[in-house]
Amino acid sequence: VFGKDITLLLILNNLASDRKTVKVDMSASTVLYTRRAVTEILKATTSVDLGSKQGKHIRLKIPYSYYGKYLTTDKRIQVTALCEVLHRHGLKLLVEKTIILEDTNIIIKMPRRVVVNKAVTLEISYANPLPEPVSRCVLLVTLMNQQVKIHLARLAPRERSKIYFEFTPRKSGPLQLQVDFSCDKFSHVKGFVTIAVAPA
């Protein structure tokens with residue numbers, strides 16, 4: 001989840017009966033959705049001795065403080081591990097994983113029944129998932145081809161807050177509400193609901 005430390009586990013298994021030493025070069029970079037690297041955020045090297053038919057785990061931790069300020073709006077991190085079996089004529093294996101960090105910031109609550117020409121009040125809850133305060137918070141609400149920009153108070157670390165938004169639907173059928181939350185430390189955290197508007 002965006003704003004939290006990331007822990008990964010690399011599992012190495014020696015399927016042969018002879019002992020092996022494996023050198024592991026690990027790196028992590030923030031990337032765009034095209035997989036183009038933006039910033040390298042972690043580099044580590046370790047070596048592991050594997051006995052006959054033995055397996056071992058290597059734990060890799062990426063703290064939020066390493067990736068937070070380098071993350072793009074795609075919220076993707078590419079992790080690679082190049083495993084080289086020493087004294088085996090350079091036998092190598094590359095393992096790659098792309099992590100897409102999830103947002104759990106926006107929660108939209110609405111009445112069970114929404115009717116044409118009757119005012120509706122929605123509850124929009126938003127949060128700061130980071131271990132540090134955020135300011136310049138803005139909520140952009142898009143509904144019925146109109147946008148409303150709402151400036152919000154700063155949020156303390158891990159704080160959740162909410163606002164109430166009122167509107168009156170003018171026709172029956174599905175209506176989509178989109179919410180876009182931005183602040184000084186991250187941007188474009190989105191949430192949306194489809195509202196079924198009943199005839200009067």
Side-chain angles (χ1 to χ4, degrees), residues 1-108 125-134 155-160 178-193:
V1 175
F2 174 60
K4 300 217 171 145
D5 296 348
I6 300 164
T7 302
L8 300 168
L9 213 56
L10 177 67
I11 302 168
L12 296 175
N13 287 309
N14 179 10
L15 303 177
S17 53
D18 56 331
R19 191 174 190 80
K20 288 183 171 65
T21 300
V22 181
K23 179 187 169 204
V24 183
D25 290 316
M26 293 176 284
S27 68
S29 298
T30 57
V31 293
L32 301 174
Y33 75 94
T34 57
R35 296 185 61 178
R36 186 170 74 80
V38 177
T39 307
E40 186 173 74
I41 52 174
L42 183 71
K43 202 170 180 64
T45 299
T46 188
S47 77
V48 180
D49 289 315
L50 295 171
S52 169
K53 311 286 186 189
Q54 187 183 19
K56 283 190 179 174
H57 295 177
I58 299 174
R59 188 178 294 273
L60 180 69
K61 186 174 183 181
I62 309 173
Y64 165 74
S65 58
Y66 283 29
Y67 73 80
K69 60 180 173 226
Y70 301 113
L71 209 58
T72 70
T73 52
D74 295 330
K75 294 188 174 64
R76 290 169 188 253
I77 294 174
Q78 178 89 17
V79 181
T80 61
L82 180 62
C83 308
E84 182 179 1
V85 182
L86 301 180
H87 319 300
R88 287 275 157 175
H89 311 293
L91 182 65
K92 294 180 182 179
L93 173 70
L94 181 68
V95 180
E96 286 188 324
K97 175 148 184 83
T98 302
I99 301 160
I100 303 171
L101 298 171
E102 293 177 1
D103 290 318
T104 55
N105 290 18
I106 306 287
I107 299 169
I108 302 166
S125 166
Y126 54 94
N128 171 16
L130 307 184
E132 56 189 331
V134 296
L155 290 172
R158 313 272 188 223
E159 184 184 358
R160 179 167 282 281
Q178 287 186 315
V179 178
D180 187 311
F181 178 51
S182 295
C183 65
D184 64 331
K185 300 282 193 319
F186 55 85
S187 59
H188 304 304
V189 173
K190 297 180 186 295
F192 67 91
V193 290

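- Residues Asp18 and Lys20 share a closest heavy-atom pair of OD1-NZ, 3.3 Å.
- To the nearest 0.5 Å, the span separating OG on Ser27 from CG on Leu60 amounts to 9.5 Å.
- Of the possible polar contacts, one joining the Ser52 side chain to the Ser17 backbone as a donor-acceptor pair under 3.5 Å is found.
- Between Asp5 and Pro63, the closest heavy-atom pair is OD1-CA, 3.3 Å.
- The shortest non-hydrogen separation linking Asp49 to Gln54 is O-OE1, 3.9 Å.
- Here the CD-OH distance, from Glu40 to Tyr66, works out to 12.5 Å after rounding to the nearest 0.5 Å.
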(message) Run the side-chain contact (heavy atoms from CB on, under 4.5 Å) test on Leu71 and Ile77 for me, step by step, so that the C-alpha distance in whole Å, both residues' side-chain angles and the decisive distance to 0.1 Å come before the verdict.
(response) CA-CA 8 Å; Leu71 209 58; Ile77 294 174; 3.9 Å; yes
(request) Could you check Asn128 against Phe186 for side-chain contact (heavy atoms from CB on, under 4.5 Å), going step by step and ending with a plain yes or no? (result) CA-CA 10 Å; Asn128 171 16; Phe186 55 85; 4.1 Å; yes
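- Considering all non-hydrogen atoms of both residues, Pro157 and Pro131 come closest at CB-C, 3.6 Å.
- Paired with Lys61 under the rule side-chain contact (heavy atoms from CB on, under 4.5 Å), one option of Thr7, Ile6, Leu8, Leu42 passes, and it is Thr7.
- Comment: Lys69 does not engage Glu132 in a salt bridge, judged by the lack of any side-chain N to carboxylate O separation of less than 4.0 angstrom.
- For Thr45 (side chain) and Asp25 (main-chain N/O), no donor-acceptor pair under 3.5 Å exists by modelled atom type.
- Side-chain contact check for Ile58 versus Met26: some heavy-atom pair is nearer than 4.5 Å.
- For the atom pair Leu12 CG and Lys56 NZ, the distance stands at 9.5 Å (nearest 0.5 Å).
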(message) As a quick check of understanding, evaluate side-chain contact (heavy atoms from CB on, under 4.5 Å) for Leu82 and Lys92, giving each step before the final call.
(response) CA-CA 7 Å; Leu82 180 62; Lys92 294 180 182 179; 4.3 Å; yes
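- At distances below 3.5 Å, at least one donor-acceptor pair connects side-chain atoms of Thr30 with backbone N or O atoms of Tyr70.
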(request) Dump the intermediate steps for side-chain contact (heavy atoms from CB on, under 4.5 Å) on Glu96 and Gln78, then the final yes or no. (result) CA-CA 7 Å; Glu96 286 188 324; Gln78 178 89 17; 3.6 Å; yes
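- To the nearest 0.5 Å, the span separating NE2 on His57 from CD1 on Ile11 amounts to 4.0 Å.
- Between Phe181 and Tyr126, the ring-plane angle classifies as tilted under the 30° and 60° cut-offs.
- Using a 4.5 Å cut-off on side-chain heavy atoms (C-beta onward), Leu10 and Cys83 make contact.
- Note that OG1 of Thr21 is 11.5 Å distant from CD of Glu84, once rounded to the nearest 0.5 Å.
- Crowding of Tyr64 atom OH: a count of heavy atoms from other residues, nucleotides or ligands under 6.0 Å exceeding 12.
- Shortest non-hydrogen contact noted between Ala37 and Val31 is CA-CG1, 3.7 Å.
- Rounded to the nearest 0.5 Å, atoms CZ (Arg36) and CZ (Arg76) are 14.0 Å apart.
- Residues Ser125 and Arg160 bring a donor and an acceptor atom of their side chains to less than 3.5 Å of each other.
- What you find for Ile62 and Ala28 is that their closest heavy atoms are CD1-CB, 3.8 Å.
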